[in-house]
Amino acid sequence: MALNQKPVEYQFYLRPPTLGKWEAFKLFLYNSSTGEVFGRTGPSWAKIGLFYLIFFGVLASLFAVCLWVFFQTLDPRIPTCKLSGSLIGTSPGLGFRPSPPVENVESTLIWYKGTALKQYQHWTNSLEKFLEVYRKPGLTPGRGQNIYNCDYDRPPNENQVCDVDVKDWFPCTQENHFNYHKSAPCIFIKLNKIYDWRPEFYNDTNDLPHKMPRDLKEHIIAQKNINPQLLNTIWVSCEGESPADVENIGPIKYIPKRGFPGYFYPYKNSEGYLSPVMAIHFERPRTGILINIECKAWARNIIHNRQERVGMVHFELMID
């Protein structure tokens, strides 16, 4: 090395001064020496903000286009998947009302004291709420102008819906407290709706199911003798599940008739349509005993499955 050459000076990285937590936090909020706010300068924030604005704008546009294309494939009244191609299937179930209290919604027990208003008031209030749309056609959009007085020889057209007049179903009326105060309550049942499902009726009285109750078979034969058109009905039977229940359930009356008339079907989601409903009047059930009751709907294409509760409904009745 030459004697007159100057030594090279090296600049080493110096460790920044140690800051306390509060000082480091204040420096993160705003660094006066660099002009950074939250670790970024103004131009840096503008660039990243513009990037995310464009990114999420394009993402939202793509999602909106996909959603628009998806809704073009849907019909507001006709489901995409129907009958065997849907999760509901081709065999409707039955539902019953009144519903149990909210805190015990999974229960199927109807339990009250026949002479205590507070005991049976929940059940009658539940029925009043359920039947309100049947009593007041104006509550269902389109029902008022589309309602039609259907009969077996007067089925509705595509723009009409059949009337269900529950006001004259004595003793199962709101004014009579649905007969709960006399320890002879009325339970209402309905068939669940399946779009475009068409019942296959038992039109041949010589080919009725072996498991169909005898009294129902006799009733069907009697209806055929009155008017063969009455066979176009989805029949309903209710009975006790065990021999003891059969003994305790007492006589049963079906109001207004023992089934759902066929002119309500197929269900096409017509404006103003309401499912047919019927009342089961237990005239003299034994009090103080829990009675297990099972109601079934009868048509050739209705299967009965206790595990899946298809084609039937189970509930318990206990009156103290």
Side-chain angles (χ1 to χ4, degrees), residues 92-100 108 110 112 114 117 120-156 160-194 199 219 223 230 232-238 251-283 285 293 295-298 312-313 315 317:
L94 283 173
F96 77 93
R97 294 293 187 276
S99 301
T108 56
I110 300 174
Y112 71 100
L117 175 62
Y120 66 76
Q121 192 169 31
H122 162 78
W123 307 108
T124 56
N125 288 345
S126 176
L127 285 177
E128 289 176 14
K129 183 177 180 181
F130 169 67
L131 296 173
E132 188 175 16
V133 291
Y134 292 91
R135 292 171 56 88
K136 301 176 182 178
L139 297 178
T140 305
R143 184 167 177 82
Q145 67 265 23
N146 294 338
I147 201 166
Y148 178 67
N149 189 20
C150 305
D151 206 340
Y152 289 92
D153 57 352
R154 297 194 308 273
Q160 295 174 325
V161 293
C162 294
D163 186 23
V164 184
D165 188 7
V166 301
K167 298 178 182 178
D168 299 325
W169 291 2
F170 188 85
C172 302
T173 60
Q174 178 176 330
E175 295 74 18
N176 192 48
H177 307 289
F178 305 102
N179 224 44
Y180 276 69
H181 61 301
K182 295 184 178 179
S183 300
C186 296
I187 311 295
F188 285 73
I189 63 173
K190 68 182 186 69
L191 200 65
N192 297 338
K193 294 182 288 189
I194 298 180
H219 176 78
Q223 294 298 297
L230 298 178
N232 295 331
T233 300
I234 302 172
W235 304 105
V236 172
S237 65
C238 292
I252 298 175
K253 185 178 181 180
Y254 301 85
I255 304 172
K257 54 175 61 72
R258 193 169 180 174
F260 304 109
Y263 49 74
F264 280 94
Y265 303 94
Y267 166 63
K268 291 290 189 178
N269 200 17
S270 302
E271 189 175 23
Y273 178 90
L274 289 177
S275 296
V277 66
M278 60 182 295
I280 312 297
H281 178 211
F282 297 93
E283 297 181 318
I293 302 168
C295 294
K296 296 180 179 179
W298 295 90
M312 61 176 62
V313 67
F315 56 91
L317 177 65

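Side-chain atoms are counted along with the backbone in the values below, which use heavy atoms only and exclude waters and symmetry mates.
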side-chain hydrogen bond (donor to acceptor under 3.5 Å, both in side chains) involving W235 - partner list, sequence neighbours excluded = none
task = Decide yes or no for Q174 and L131: does some side-chain heavy atom of the first lie under 4.5 Å from some side-chain heavy atom of the second?
result = no
query = Any side-chain heavy atom of I280 within less than 4.5 Å of one from I252?
reply = yes
With a cut-off of 3.5 Å and sequence neighbours excluded, list every side-chain donor-acceptor pair involving residues 256-263.
from: R258; atom 1: NE; to: V236; atom 2: O; distance (Å): 2.9
from: R258; atom 1: NH1; to: D215; atom 2: OD2; distance (Å): 3.0
from: R258; atom 1: NH2; to: D215; atom 2: OD2; distance (Å): 3.1
from: R258; atom 1: NH2; to: Y254; atom 2: OH; distance (Å): 3.4

message = Test your reading of the model: is there a side-chain donor-acceptor pair from T173 to the backbone of F170, 3.5 Å cut-off?
response = no
key: Closest contact, heavy atoms only, S270 versus V161   = CB-CG1, 4.0 Å
ask   = Just one of P98, S99, C186 clears the side-chain contact (heavy atoms from CB on, under 4.5 Å) bar with W123, so which one?
value = P98
task = Evaluate the side-chain proximity of L127 to Y180: yes if any heavy-atom separation is below 4.5 Å, no if none is.
result = yes
Y112 versus S183, closest heavy-atom pair with distance = OH-CA, 3.8 Å
inquiry  = Tell me every residue that passes side chain to side chain contact (heavy atoms under 4.5 Å, CB included) with N149, counting only those two or more places apart in sequence or in another chain.
reply    = R154
request  = Answer yes or no: is there a side-chain heavy-atom contact under 4.5 Å between W169 and H281?
outcome  = no
key: Non-hydrogen atoms of N232 and Y152 that approach each other most closely   = O-CE2, 3.3 Å
ask   = Tell me, do I234 and W298 make a side-chain contact under 4.5 Å, heavy atoms counted?
value = no
query = Heavy atoms, side chains only, cut-off 4.5 Å: are S275 and L191 in contact?
reply = no
task = Please collect all salt bridge (charged side-chain N to carboxylate O under 4.0 Å, His left out) contacts where either partner lies in residues 172-191, sequence neighbours excluded, each pair once.
result = R135-E175
query = Do N269 and Y267 get their side chains close enough for a donor-acceptor pair, meaning under 3.5 Å?
reply = yes
Ring geometry between Y273 and F264 (parallel below 30°, tilted from 30 to 60°, perpendicular above 60°) = perpendicular
inquiry  = Testing the basics here: between Y148 and P155, what is the closest heavy-atom pair and its distance to 0.1 Å?
reply    = CE2-O, 3.9 Å
task = Using side chain to side chain contact (heavy atoms under 4.5 Å, CB included) as the criterion, list what pairs up with K129, not counting sequence neighbours.
result = none
ask   = Can you check side chain to side chain contact (heavy atoms under 4.5 Å, CB included) on L274 and V133, steps first, answer last?
value = CA-CA 8 Å; L274 289 177; V133 291; 4.2 Å; yes
ask   = Can you tell me if N176 uses its side chain to pair, donor with acceptor, with the backbone of P171 under 3.5 Å?
value = yes
request  = Compare every heavy atom of N192 with every heavy atom of P92, then report the nearest pair and how far apart it is.
outcome  = CB-O, 3.5 Å
message = Testing the basics here: between V164 and P276, what is the closest heavy-atom pair and its distance to 0.1 Å?
response = CG2-CA, 4.4 Å
message = Would R97 pass as a cation-pi partner of F188, given that its NZ or CZ must be under 6.0 Å from the six-membered ring centre and within 45 degrees of the axis?
response = no
ask   = Do P285 and P185 come close enough that some side-chain heavy atom pair is under 4.5 Å?
value = yes
ask   = Does N125 reach the side chain of E128, with side-chain heavy atoms less than 4.5 Å apart?
value = yes
task = Output all residues satisfying side-chain hydrogen bond (donor to acceptor under 3.5 Å, both in side chains) with D163, sequence neighbours left out; order by chain, then residue number.
result = none
